[in-house]
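Keep in mind it's a predicted model, so treat the numbers as computed, not measured. The analysis underlying the following values was restricted to heavy atoms, covering all of them including side chains, and did not include hydrogens, waters or symmetry mates. We count residues from 1, following the sequence as given.
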Amino acid sequence: MEEGFKLWANPSSPHGEGRKARAALEDARARIKAALGWTGELIFTSGASEAAALALGRAKGGRRFVSAVEHDCVLQAAPDADLLPVLADGQLDLAALVEAIGSDRPVVAVQQVNSETGYRQALGLIHERVSQAGGLLIADCAQGAGKLAIPDCDMAMIAAHKFGGPIGIGALLVRDFAMLEPSGGHERGYRRGTENLPGALGMAAALEACSESYLDADVLRAFDAFDSECRSAGGTLLSDRLSDPTPYIRAIAMPNLSATAQVMRFDMAGIAVSQGSACSSGTMKTSRVLDAMGVEPAIAANTIRVSLGWNTTRAEVERFAELWLKMARA
């Protein structure tokens, strides 16, 4: 990012300084695509929310469909979209998907990894069915990029801060520009606003750094060790009902203490957890994601989201576990 701030010029300007900035921007674009293994196009955005608005607002296709457990930014980007149900294990109901989308070039948005439960969707199967209907699949990969391979899809949204990069930079990956209606402006005419060169360079550096090992195995083992203690204390691990959970996001219900109270007590102890997705957790409402999965209201009301970051340590996980058990057994 320091290198980007030294190149203080608009990458779209034709003068010498602008061309230097453009060369650095295109280098960052190529490095990000290489780190992700993406062979299509990449449009820089301010984050996954803008990428969602761009994808769902300008994708060439028919009716919009989104799963019932999508992030708020996806629902807001397509307020008139049809909601697709999920099963109790978190998986998108494939039979309902096929019945709903028909064959009229549907545009379907599904999250790779759910931001509240850590469930990983079977996007290969979903993409196959959407393609058979002549449609496009948009994958929200904000929680997966840098940790998991980009899945089979036509477009993907990513956010740099989810893998240790700077806040305020992300991208929309597009298999082919022909899938999008251009809007004029920068990024080959698909996005308005001067490109964030320092952010793009920081995003590339972070993605390259975390692609080797996002989470330390020792940290994950500490989190796994907590599972049995949690159950013995009367806790509920939502991962137990998921058919394909990821190890770094977990939804955990504590007996006899609301999620709101837990979030406050953990915060007072210097531990940051959430009630639902971080972008909506400030409302302190029961999660609509858990409701869509049919989680019992009493359990949903006591469920917090615990996420491991690239810099989370074993000591931090153990401190969280110790405090959770103390609160649960009080």
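- Counting only heavy atoms from C-beta outward, the side chains of Arg192 and His186 never approach each other to under 4.5 Å.
- Between Glu50 and Arg191 there is a salt bridge, since a side-chain N of the basic residue sits under 4.0 Å from a carboxylate O of the acidic one.
- Looking at Arg329, its side chain never comes within 3.5 Å of a backbone N or O of Ala233 through a donor-acceptor pair.
- Between Met1 and Pro166, some side-chain heavy-atom pair lies under the 4.5 Å cut-off.
- With hydrogens and angles ignored, the 3.5 Å screen pairs a side-chain donor or acceptor of Arg22 with a backbone N or O of Pro11.
- Considering every non-hydrogen atom in both Ala142 and Ala48, the closest pair reads CB-CB, 4.1 Å.
- Linking Ile, Leu, Val, Met, Phe, Trp and Tyr residues whenever their side-chain heavy atoms come within less than 4.5 Å places Val108 and Leu125 in a single cluster.
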Inset, instruction - I would like to know whether Arg120 and Asp244 meet salt bridge (Lys or Arg N to Asp or Glu O under 4.0 Å); could you show each step before the answer? - result: CA-CA 6 Å; Arg120 177 165 50 183; Asp244 191 8; 3.2 Å; yes
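- Across every non-hydrogen atom of Ala200 and Ala28, the tightest pair is O-CB, 3.7 Å.
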Inset, instruction - Let me see the working for Arg221 and Asp224 under salt bridge (Lys or Arg N to Asp or Glu O under 4.0 Å), right down to the final yes or no. - result: CA-CA 5 Å; Arg221 282 193 293 270; Asp224 291 338; over 6 Å; no
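- Of the possible donor and acceptor atoms, one in the side chain of Gln112 sits under 3.5 Å from a partner among the backbone N and O of Ala149.
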Inset, instruction - Give the C-alpha distance, both sets of side-chain angles, the deciding distance and a yes or no for side-chain contact (heavy atoms from CB on, under 4.5 Å) between Asp140 and Ile158. - result: CA-CA 7 Å; Asp140 178 0; Ile158 64 174; over 6 Å; no
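- Here the closest non-hydrogen pair linking Phe163 and Gly146 is CB-CA, 4.5 Å.
- Electrostatic pairing of Asp291 and Arg288 does not count as a salt bridge here, judged by no charged N lying under 4.0 Å from a carboxylate O.
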Inset, instruction - Check step by step if side-chain hydrogen bond (donor to acceptor under 3.5 Å, both in side chains) holds for His71 and Ser115. - result: CA-CA 7 Å; His71 191 278; Ser115 57; 5.1 Å; no
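- Counting non-hydrogen atoms of other residues, nucleotides and ligands closer than 6.0 Å to NZ of Lys60 gives a total above 12.
- In the hydrophobic cluster analysis, where Ile, Leu, Val, Met, Phe, Trp and Tyr join through side-chain heavy atoms closer than 4.5 angstrom, Val98 is grouped apart from Ile101.
- Atom NZ of residue Lys20 and atom OG of residue Ser13 lie 13.5 Å apart, to the nearest 0.5 angstrom.
- Two rings, from Phe226 and Trp324, have their centers less than 6.0 Å apart.
- Judged by distance alone, the side chain of Arg241 and the main-chain N or O of Ala88 form a donor-acceptor pair under 3.5 Å.
- Under a 3.5 Å cut-off, the side chain of Asp154 and the backbone N or O of Leu137 do form a donor-acceptor pair.
- Here the straight-line distance linking atom CD1 of Ile304 with atom OG of Ser258 works out to 11.0 Å at 0.5 Å rounding.
- Considering only heavy atoms from C-beta on, Asn302 stays 4.5 Å or farther from Asn256 through its side chain.
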Legend entry - side-chain contact (heavy atoms from CB on, under 4.5 Å) between Cys153 and Leu123, worked out: CA-CA 8 Å; Cys153 60; Leu123 284 178; 5.9 Å; no
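- Checked for salt-bridge contact, Asp240 and Arg250 miss the test: no charged N lies under 4.0 Å from a carboxylate O.
- Side-chain contact between Phe44 and Leu25 is present, with heavy atoms from C-beta onward closer than 4.5 Å.
- Side-chain contact between Gln121 and Ile126 is present, with at least one heavy-atom pair separated by less than 4.5 Å.
- Two residues are said to be in side-chain contact when any heavy atoms from C-beta on lie closer than 4.5 Å; Met203 and Ile32 meet this criterion.
- When side chains are defined from C-beta on, Phe266 counts as touching Met327, because their heavy atoms get closer than 4.5 Å.
- Within the model, atoms CG of Leu42 and CG of Leu173 stand 5.0 Å from one another, a figure rounded to the nearest 0.5 Å.
- Side-chain N or O atoms of Asn196 include none that pairs as donor or acceptor with a backbone N or O of Ile169 at under 3.5 Å.
- Rounding to the nearest 0.5 angstrom, the gap separating the CG atom in Leu290 from the CG atom in Leu238 is 5.5 Å.
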Inset, instruction - For side-chain contact (heavy atoms from CB on, under 4.5 Å), just list the numbers for Asp89 and Leu242, CA-CA rounded to whole Å, side-chain angles, deciding distance to a tenth of an Å, and then say yes or no. - result: CA-CA 4 Å; Asp89 67 352; Leu242 304 180; 5.7 Å; no
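- In this structure a side-chain-to-backbone donor-acceptor pair under 3.5 Å is missing from Lys33 to Glu41.
- Arg175 forms a cation-pi arrangement with Trp38, by the criterion of a distance under 6.0 Å to the ring centre and an angle within 45° of the ring axis.
- Using a 4.0 Å cut-off between charged side-chain N and carboxylate O, Glu26 and Arg29 make a salt bridge.
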Legend entry - Derivation and outcome, side-chain hydrogen bond (donor to acceptor under 3.5 Å, both in side chains), residues Ser287 and Gln275: CA-CA 8 Å; Ser287 166; Gln275 179 180 358; over 6 Å; no
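- Shown here for Cys141 and Ala156, the closest heavy-atom pair between the two residues is SG-CB, 3.9 Å.
- Of the possible polar contacts, one joining the Thr117 side chain to the Tyr119 backbone as a donor-acceptor pair under 3.5 Å is found.
- The CG atom of Leu7 sits 7.5 Å away from atom CG of Leu201, with the distance rounded to the nearest 0.5 Å.
- Cluster partners of Val66 are Ile43, Leu54, Leu56, Val74, Leu75, Leu83, Val107, Leu136, Ile138, Met155, Met157, Leu172, Val174, Phe177, Met179, Leu180, Tyr190, counting Ile, Leu, Val, Met, Phe, Trp and Tyr whose side-chain heavy atoms approach within less than 4.5 Å, directly or via other members.
- Between Glu316 and Arg319, none of the side-chain N atoms (NZ, or NE/NH1/NH2) sits under 4.0 Å from a carboxylate O, so this pair counts as no salt bridge.
- The minimum heavy-atom distance linking Pro198 with Gly4 is given by the pair CG-C, 3.8 Å.
- Arg305 contributes no side-chain N or O that, together with a main-chain N or O of Ser274, makes up a donor-acceptor pair within less than 3.5 Å.
- A single hydrophobic cluster is not seen to contain both Leu87 and Leu92; linkage of ILVMFWY side chains at heavy-atom distances under 4.5 Å, directly or through other members, places them apart.
- For the residue pair Ile252 and Cys230, the shortest heavy atom distance occurs at CG2-SG, 3.7 Å.
- Taking the six-membered ring for Trp, Tyr248 and Phe223 have ring centres at least 6.0 Å apart.
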Inset, instruction - Give the C-alpha distance, both sets of side-chain angles, the deciding distance and a yes or no for side-chain contact (heavy atoms from CB on, under 4.5 Å) between Arg231 and Thr236. - result: CA-CA 6 Å; Arg231 296 186 190 97; Thr236 301; over 6 Å; no
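- Rounded to the nearest 0.5 Å, atoms CZ (Phe65) and CG (Leu84) are 7.0 Å apart.
- No side-chain donor from either of Gln91 and Ser243 sits under 3.5 Å from a side-chain acceptor of the other.
- Residues Val317 and Thr312 have side chains in contact (heavy-atom distance under 4.5 Å, counting atoms from C-beta outward).
- For the pair Glu70 (side chain) and Gln111 (backbone), a donor-acceptor distance under 3.5 Å is present.
- Using a cutoff of 4.0 Å between basic side-chain nitrogens and carboxylate oxygens, Arg314 and Glu318 are scored as salt-bridged.
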